[in-house]
Amino acid sequence: MSDGIMKKLHEEMVIQILLELPVKSLIRFKSISKILYSLIHSSIFINLHRNRRRNTKDELLILKRPIFLDENLYKNIMYFLSSNDNDNDDTLKQVSPEIDVPYFDNDFCVQFQQLIGSSHGLIALTDYEDIIFLNPTTRKYRLLPHSPFRCPKDFVFVPRGIGFGYDSIEKDYKVVRFYELSSEPYDRDLEARHSRVEVYDFCTDTWRWIIPTVKLLPRVHHYVGSEAFFSGACHWTAQDDYAEPIVLCFHLTYESFRNIKLPDTCYFCDNKGYGLTVCQNSLTLICYPHPKCHLEPGQEFTDIWFIKEYGQDETWIKKYTIRPLPIESSFAIWKDHILLFQTGTGTLSSYDIHSDQINEFGYQANNGTLRLVVYNEALTIIPRESNEATQVLNF
């Protein structure tokens, strides 16, 4: 009966109606009729829906929080959060039941585990070895194949950076991962160390090596929230050969690295942390004092910098200087004016740049173990979703 009604309607009219609906409604509608299923599942409609006009009210949050079962075992819980519809109320609420995150259930590299994204509504979870791609909206996920490359005998493997994004030229999602190799024991002599870079292509479902133009890449900081994808490139806060802080960039199309200097007021030994995010369509640096370090008077403020003319004559513009905050790690700037961070006591908190208000939310974990990203709901199909490895998380 539903298919009979659908055949009487013009497809363009149906598409325009469907484009106004939230993703959750579209997922339910796919079970109404075969015609709706085929339409909503088509790549044309998925792209139209993903690229429709959005605003910051459409942004949702994913929070990953570890719950320790004992000293050697824990589980990760993922929460899906949003604010109330009232523009003046930024209280967070859960928009769907929390879920358990698969695979990451031991204490290996607890501090390293990352929640990266989003790109076209997809996010990645990784402890550097295992990488899961997840569409939070459809709950479909896929464990990527492990890299075939192994650390040579008598060498030390040191993870440095990992990122992912969408290559708009090649029309492909990519993961980049790089690390240092050194003879065992770990050699502090820079000449005895070198970097290796791996790229995973979804279109070929394979890992491959690429050769960087320098023997040893800048050392990436492992601050939480210090990685961001912007304008076709992955970015990490790092330090160069002279121990000066920089942003290390890897362009997914050209598969090459370059450095962006940080503002002149940023130093490696200034007892501050550095976070990267995207705000107001600009690569954004959050420079915050570490709560456990002593600072000179006047240095306890948090500065927020926007990059001007990205990819050309790049300069940093200080957009905000805000009052001292108990930031253990920064996550993002949500809705272009709400700074989200974990405090020194492990609590998820926010600071409203416009109203100067601080909020604490009911999510807490050990210091430095919360992970959070901002995303937009999308029907994006995980590449090779038909693969048997694709699974669905239980609601």
Side-chain angles (χ1 to χ4, degrees), residues 19 23 41-56 58-62 114-126 131-145 147 161-178 197-208 210 225-236 247-258 260 276-284 307 310-311 332 371-387 389-390:
L19 288 176
V23 173
H41 205 262
S42 69
S43 59
I44 294 176
F45 179 80
I46 290 173
N47 290 333
L48 286 172
H49 192 270
R50 185 178 64 224
N51 295 324
R52 74 194 191 284
R53 180 175 297 180
R54 299 177 182 271
N55 56 50
T56 55
D58 296 322
E59 294 177 341
L60 303 178
L61 305 176
I62 299 176
Q114 299 295 332
L115 181 60
I116 307 172
S118 69
S119 183
H120 292 177
L122 301 182
I123 65 167
L125 300 96
T126 178
I131 304 173
I132 292 176
F133 259 70
L134 168 69
N135 183 326
T137 305
T138 64
R139 299 300 197 272
K140 289 187 176 182
Y141 72 94
R142 179 172 175 239
L143 177 68
L144 297 192
S147 167
I162 187 167
F164 100 95
Y166 183 72
D167 182 345
S168 59
I169 304 298
E170 299 293 335
K171 308 296 182 185
D172 187 23
Y173 296 91
K174 293 181 179 179
V175 175
V176 58
R177 185 174 73 167
F178 53 98
V197 183
E198 302 173 352
V199 173
Y200 171 83
D201 295 293
F202 276 87
C203 63
T204 60
D205 196 27
T206 57
W207 289 91
R208 54 185 170 82
I210 64 171
S226 61
E227 181 273 341
F229 179 73
F230 177 75
S231 192
C234 298
H235 303 78
W236 305 265
V247 173
L248 176 66
C249 312
F250 179 79
H251 198 284
L252 292 184
T253 299
Y254 307 118
E255 296 189 348
S256 60
F257 289 91
R258 70 183 184 94
I260 299 177
L276 286 177
T277 187
V278 177
C279 181
Q280 299 177 23
N281 199 33
S282 175
L283 185 65
T284 302
I307 204 164
Y310 178 88
R371 299 291 186 269
L372 182 146
V373 295
V374 179
Y375 79 105
N376 285 300
E377 289 190 317
L379 291 165
T380 306
I381 296 174
I382 296 176
R384 298 183 176 267
E385 191 170 285
S386 58
N387 190 299
T390 304

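Model, not experiment: these values are computed from the prediction.
In this structure, G163 and W236 approach most closely via the heavy-atom pair N-CZ2, 3.9 Å. N135 approaches L122 most closely through the heavy-atom pair CB-CD2, 3.7 Å. Annotation for D167 and L252: closest pair OD2-O, 3.4 Å, computed over non-hydrogen atoms. The two atoms that bring E377 and T137 nearest to each other are CA-OG1, 3.3 Å, heavy atoms only. Counting all heavy atoms, side chain and backbone alike, C234 lies closest to V176 at SG-CG1, 4.1 Å. Between A378 and G121, the shortest heavy-atom distance links the atoms CB-CA, 4.1 Å.
With sequence neighbours left out, H251 forms a side chain to side chain donor-acceptor pair (under 3.5 Å) with no residue at all. For S226, the side chain to side chain contact (heavy atoms under 4.5 Å, CB included) partners are Y223, T237, not counting sequence neighbours. Scored by the salt bridge (Lys or Arg N to Asp or Glu O under 4.0 Å) test, R208 finds D201, E255 as partners (sequence neighbours excluded).
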Q) Step by step, would you call N376 with E59 a side-chain contact (heavy atoms from CB on, under 4.5 Å)? A) CA-CA 5 Å; N376 285 300; E59 294 177 341; 3.8 Å; yes

Q: List the steps and the verdict of side-chain contact (heavy atoms from CB on, under 4.5 Å) for S118 and V373.
A: CA-CA 7 Å; S118 69; V373 295; 5.6 Å; no

(Q) Would R258 and I260 count as a side-chain contact (heavy atoms from CB on, under 4.5 Å) here? Give the steps. (A) CA-CA 7 Å; R258 70 183 184 94; I260 299 177; 3.6 Å; yes

Q: Please lay out, stage by stage, how I123 and F133 fare under the test side-chain contact (heavy atoms from CB on, under 4.5 Å).
A: CA-CA 6 Å; I123 65 167; F133 259 70; over 6 Å; no

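In this structure, the side chains of F164 and K174 stay at 4.5 Å or more apart for every pair of heavy atoms. T284 is not listed as a side-chain neighbour of V278, based on a closest heavy-atom distance of 4.5 Å or more. Looking at F45 and L379, their side chains come closer than 4.5 Å, going by heavy atoms from C-beta outward. Using a 4.5 Å heavy-atom cutoff, the side chains of I162 and I131 are in contact. Counting heavy atoms from C-beta outward, F178 and L248 have side chains that approach closer than 4.5 Å. Counting heavy atoms from C-beta on, the side chains of L48 and L19 come closer than 4.5 Å. Using a 4.5 Å heavy-atom cutoff, the side chains of I116 and E227 are in contact. Side-chain contact between L115 and I62: present, with at least one pair of heavy atoms (C-beta onward) separated by less than 4.5 Å.
Using a 3.5 Å distance cut-off with no hydrogens or angles, the side chains of Q114 and T126 do not pair a donor with an acceptor. Counted by atom type alone, T204 and T206 present one or more donor-acceptor pairs between their side chains at under 3.5 Å.
Distance check: I382 CD1 to I132 CD1 gives 10.0 Å after rounding to the nearest 0.5 Å.
Relative orientation of the F257 and F250 rings is tilted, given thresholds of 30° and 60° on the angle between their planes. Aromatic ring orientation, H120 versus Y166: tilted (interplanar angle from 30° to 60°). The aromatic rings of Y200 and W207 lie tilted to each other, with the angle between the two planes from 30° to 60°. Using a 30° and 60° split on the angle between ring planes, Y310 and F230 fall in the perpendicular class, above 60°.
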